[in-house]
Amino acid sequence: MARRSPHPSDADAARQRLLATVDAVPPGRVATYGQVAEEAGLPGRARLVGRLLAGLPAGSALPWHRVVAAGGRLALPPGSPADREQRRRLRGEGSLLPGARRVDLARVGWRP
DNA sequence: CACCTGACAGAAG
DNA sequence: TCTTCTGCCAGGT
């Protein structure tokens, strides 16, 4: 029930804005967790973005694979199913070179 | 309520 | 460029 935080709806609205921001990252481009949080009006909540994406349902239509850690590093556990899927998709969009563990933000970084 | 953990980030060595 | 440490925030135990 109603516990913690000013209003429960605030956190919910925040999640909605974060989801919308991730959804706004175009194919062939990638954004960092911190960037997504900032664009959504939640500066400093990079970890919240990670939490949100970690809880996405399996068949989500959200382009979660276009969200990476600072400096373009891939944050998912190397070799994990999610990591392989992310690399596969990024490779498909020409954002990641085969075998690479990070994307070139100078080249494919999202500039909203 | 204290303590731990994590799909983070930035600074320092 | 990589590793370690510190700061942060939300959830879980």
Exercise for the section: Consider the side chain of A/L76, meaning its heavy atoms from C-beta on, and name the nucleotide among B/dA7, C/dA10, B/dG10 that approaches it most closely. Expected result: B/dA7
Problem - A/W64, nearest nucleotide to its side chain (from C/dG11, B/dG10, B/dA7) - result: B/dA7
Handout entry: Side chain A/R45 and base C/dC9 donor-acceptor under 3.5 Å
Key = no
Practice task
Would you mind classifying the nucleic acid contact of A/T32 as base, sugar-phosphate or nothing, using non-hydrogen atoms under 4.0 angstrom?
Solution key: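 Sugar-phosphate contact only - A/T32 comes under 4.0 Å of backbone atoms but never of a base.
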Exercise for the section: For A/A54, report the nucleic acid contact type (base, sugar-phosphate, nothing); a contact means any heavy atom under 4.0 Å. Expected result: base
Between [N] atom [atom2] and [X] atom [atom1], what is the distance in whole Å?
X	N	atom1	atom2	answer
A/R73	B/dA7	CZ	C1'	11 Å
A/R87	B/dA7	CZ	P	17 Å
A/L52	B/dC8	CG	P	13 Å
A/L53	C/dG11	CG	P	14 Å
A/L42	C/dC8	CG	P	17 Å
A/R51	C/dA10	CZ	P	10 Å
A/L74	B/dA9	CG	P	12 Å
A/R89	B/dA7	CZ	C1'	14 Å

Practice task
Output yes when a side-chain donor or acceptor of A/R111 lies under 3.5 Å from a complementary backbone atom of A/G109, and no otherwise.
Solution key: yes
Problem - A/R91 (side chain) donor-acceptor with A/L96 (main chain) under 3.5 angstrom - result: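 No, because the side chain of A/R91 does not come within donor-acceptor range (under 3.5 Å) of the backbone of A/L96.
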Exercise for the section: Let me know which of A/E93, A/Q86, A/E85 forms a side-chain hydrogen bond (donor to acceptor under 3.5 Å, both in side chains) with A/R89. Expected result: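 For A/R89, the side-chain hydrogen bond (donor to acceptor under 3.5 Å, both in side chains) test succeeds with only one of A/E93, A/Q86, A/E85, which is A/E85.
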Exercise for the section: Tell me whether A/L74 is reachable from A/L97 by hopping between hydrophobic residues (I, L, V, M, F, W, Y) whose side-chain heavy atoms are closer than 4.5 Å. Expected result: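 No, no single cluster joins them.
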Exercise for the section: Could you state whether A/V30 and A/L19 fall into the same hydrophobic cluster, counting links through intermediate Ile, Leu, Val, Met, Phe, Trp or Tyr residues with side-chain heavy atoms under 4.5 angstrom apart? Expected result: no
Problem - Upstream residue (5' side of DNA chain C) when A/R47 and A/R102 are each assigned their closest nucleotide - result: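 By nearest-heavy-atom nucleotide position, the 5'-most residue is A/R102.
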Problem - Contact under 4.0 Å: A/R15 side-chain N or O vs C/dG11 OP1/OP2 - result: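 It does, given that an N or O in the side chain of A/R15 lies less than 4.0 Å from OP1 or OP2 of C/dG11.
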